[in-house]
Colleague: 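So that we are looking at the same thing, I have put the structure below in structure tokens.
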There are 2 protein chains.
Amino acid sequence: MQIVTPYLLFLGDVPDALAAKTALGIVDWRPEWCIGQLRLPGCKADAGVPDLGIAEAKAAGVRTMIVGAVNAGGVLPDHWIASIVEALEAGLDVASGLHTKLGDIPAIREAAERNGATLFDVRHSSERFPTGKGTKRSGKRLLTVGTDCSVGKKYTALALEAAMREAGFSADFRATGQTGVFISGRGVAIDAVVADFISGAVEWLSPAADADHWDLVEGQGSLFHPSFAGVSLGLLHGAQPDAFVVCHEPTRTRMRGVQHPLPSIEDVIDLTVRCGSLTNPDIRCVGIAINTAALDDAAATALLAETAGRLSLPAVDPIRTGVAPIVAEIGRVFGKAG
Amino acid sequence: MQIVTPYLLFLGDVPDALAAKTALGIVDWRPEWCIGQLRLPGCKADAGVPDLGIAEAKAAGVRTMIVGAVNAGGVLPDHWIASIVEALEAGLDVASGLHTKLGDIPAIREAAERNGATLFDVRHSSERFPTGKGTKRSGKRLLTVGTDCSVGKKYTALALEAAMREAGFSADFRATGQTGVFISGRGVAIDAVVADFISGAVEWLSPAADADHWDLVEGQGSLFHPSFAGVSLGLLHGAQPDAFVVCHEPTRTRMRGVQHPLPSIEDVIDLTVRCGSLTNPDIRCVGIAINTAALDDAAATALLAETAGRLSLPAVDPIRTGVAPIVAEIGRVFGKAG
């Protein structure tokens, strides 16, 4: 699955920016792919790119319209269908992260067939994966793991991709969630894969590569999250990472959606090494990424310094401080770029 | 999902007993549900129950025909379709463990609709599950775990159900694989569930119950199997077991389908306690079930005694010795029946 760029971002008529966070994430990381946005009357989100009609977008070179907004429940509202059909009639592909499958809507399916256009439902993988084998592959891999869901695993992996490339490393972000798939143009929404194939899907996503190439695999969930730990473990085994970064949000007291307290960063390092050593005996932690948005400068600086000292590892906030200390640690442990 | 009993076992024309192992497993554990078998010319398997035509089966009270045989690749051969349609026309439900969905075959789907019959594809759960919550539920649970796949987890759970009921416990087998689903008439093929819902499906499968009721949950895979550990971890978190039994096959040197060596029983106990304590802090091992089929009597007796002594836990072969020592340990730790 490869989504062809550049994109037109369809925001529908969502009531706030949060409902368009997928589109906003794409613009953050791949502004060069985002030619424009299509908004319906009443839309309260703005991706900060030109408003374009479908004909204008087509003329500007757009290849795919991304349904980069979510309605309540992930359902496709009826009044968005006409825009999607219009895009297909203009010869664009359409990619969606909604729970509703585009192809389940007859008008959309028929328009795609009529125009030879491709529909991508990134939450519903149609790829058939083999089961994981756990055999060591060439190339290097880094996985972002977490003390919880939604603690910056995607952001950290993308920040590492940018910083490692700048430092001369050969490095590719590997997406395991829907926003990540749009940002990289390919990938697997790993939580939508059938359970037997989790690790196999990750092996497919991050195949054998040159010895000095780094895949930066987007983590999901947490080994300590009672809803999603199975996904996290399959991802860990399939990614067989040489290195991992623990992502953390210091003000959170309960894990997302459940009553369980967050594990400590030490607990996450320890269990990740223990379980990850099944497919990579040399797995090691190379840094901590903390989302300090809720802290003032002094508190953030103090927390990062305390964490780094306690664990003898680089501790960064990818947004506030950047990830350079982690890239330096990767170079120190595994050898510098080039 | 509840499959209505009794059953007619459809064996098709499979070339050997192994291809009919699902049907043979049902007869082993639920002979009273198996009214007869339907075999096509050339069939080399025999479930040991009367050969019946569909009309005879219907007259004898059969409610569901079980497609209890597998073709290579789990595909439904074209020449089995007529028998399935005939069963539906006679008013039977049909349940299948094949990869091919019954409802994807137009002749079968139409026959089911025409006769108001239900099609069960146990490998393709149509049930929508919530994500797991990890909240403690009332009632007691035991999970069978393994050093590998296919080491007797289903058999051990079923043997415990029988022995605990005989000892006066309120106990129910909870199926997580296709054969188990046919044996209990309900359950979830957990490896076919979408990854995000593994633990949620197990919470649904084993709901809150009376304080002294035991659910005996069939385990899958192994926390140490690089293909399937994600399924095993989600199952562990969802089952939140009070007790677990480690199943082991002592002559196996590599994990099934991969190159990895088997973990030790001690490793499995340790990691199961560590990960299981997330949703049940009081989790403990209550015994070891070893498949000693490849050993002679003296070697089997010696291995069970050595294992029991080393781990200070009951060690049994469910087939050779029965599981009474494990039932006694459950009574000792958690209180006797009634």
Colleague: If I compare all heavy atoms of A/Gly132 with all of B/Val258, which pair ends up nearest, and what's the gap?
Modeller: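 Closest heavy-atom pair between A/Gly132 and B/Val258: O-CG1, 4.2 Å.
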Colleague: Pairs of donor and acceptor atoms under 3.5 Å between chain A and chain B, please, with atom names and distances.
Modeller:
residue	atom	partner	partner atom	Å
A/Gly132	O	B/Ser227	OG	2.4
A/Lys133	NZ	B/Gly257	O	3.4
A/Asp191	O	B/Asp196	N	3.2
A/Val193	O	B/Ala195	N	2.8
A/Ala195	N	B/Val193	O	2.8
A/Asp196	N	B/Asp191	O	3.2
A/Ser199	OG	B/Pro226	O	2.9
A/Ser199	OG	B/Ser227	O	3.2
A/Pro226	O	B/Ser199	OG	2.9
A/Ser227	O	B/Ser199	OG	3.2
A/Ser227	OG	B/Gly132	O	2.4
A/Gly257	O	B/Lys133	NZ	3.4
A/His260	NE2	B/Leu278	O	3.2
A/Asp270	OD2	B/Arg274	NH1	2.9
A/Asp270	OD2	B/Arg274	NH2	2.7
A/Arg274	NH1	B/Asp270	OD2	2.9
A/Arg274	NH2	B/Asp270	OD2	2.6
A/Leu278	O	B/His260	NE2	3.3

Colleague: Could you note down all residue pairs passing salt bridge (Lys or Arg N to Asp or Glu O under 4.0 Å) where residues 223-239 of chain A supplies at least one of them, sequence neighbours left out?
Modeller: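 Listed by first then second residue: nothing to list.
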Colleague: Heavy-atom distance under 4.5 Å to chain A: side chain of B/Leu278, backbone, both or neither?
Modeller: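 Both the backbone and the side chain of B/Leu278 come within 4.5 Å of chain A.
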Colleague: Evaluate side-chain contact (heavy atoms from CB on, under 4.5 Å) for A/Leu271 paired with B/Leu271, printing each intermediate quantity in order.
Modeller: CA-CA 9 Å; A/Leu271 191 58; B/Leu271 191 58; 4.0 Å; yes
Colleague: Looking at chain A, which one of B/Gly134, B/Cys275, B/Ala195 has the largest number of heavy-atom pairs inside 4.5 Å, strictly under?
Modeller: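 Max contact count across the listed options: B/Ala195.
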Colleague: Which one of A/Leu235, A/Leu236, A/Val193 has the most heavy-atom pairs closer than 4.5 Å to chain B?
Modeller: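 Top count of heavy-atom pairs under 4.5 Å with chain B: A/Val193.
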Colleague: Quick one: closest heavy-atom pair of A/Ala229 and B/Leu233, and the distance?
Modeller: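 Distance-wise, the nearest heavy atoms are O-CD2, 3.5 Å.
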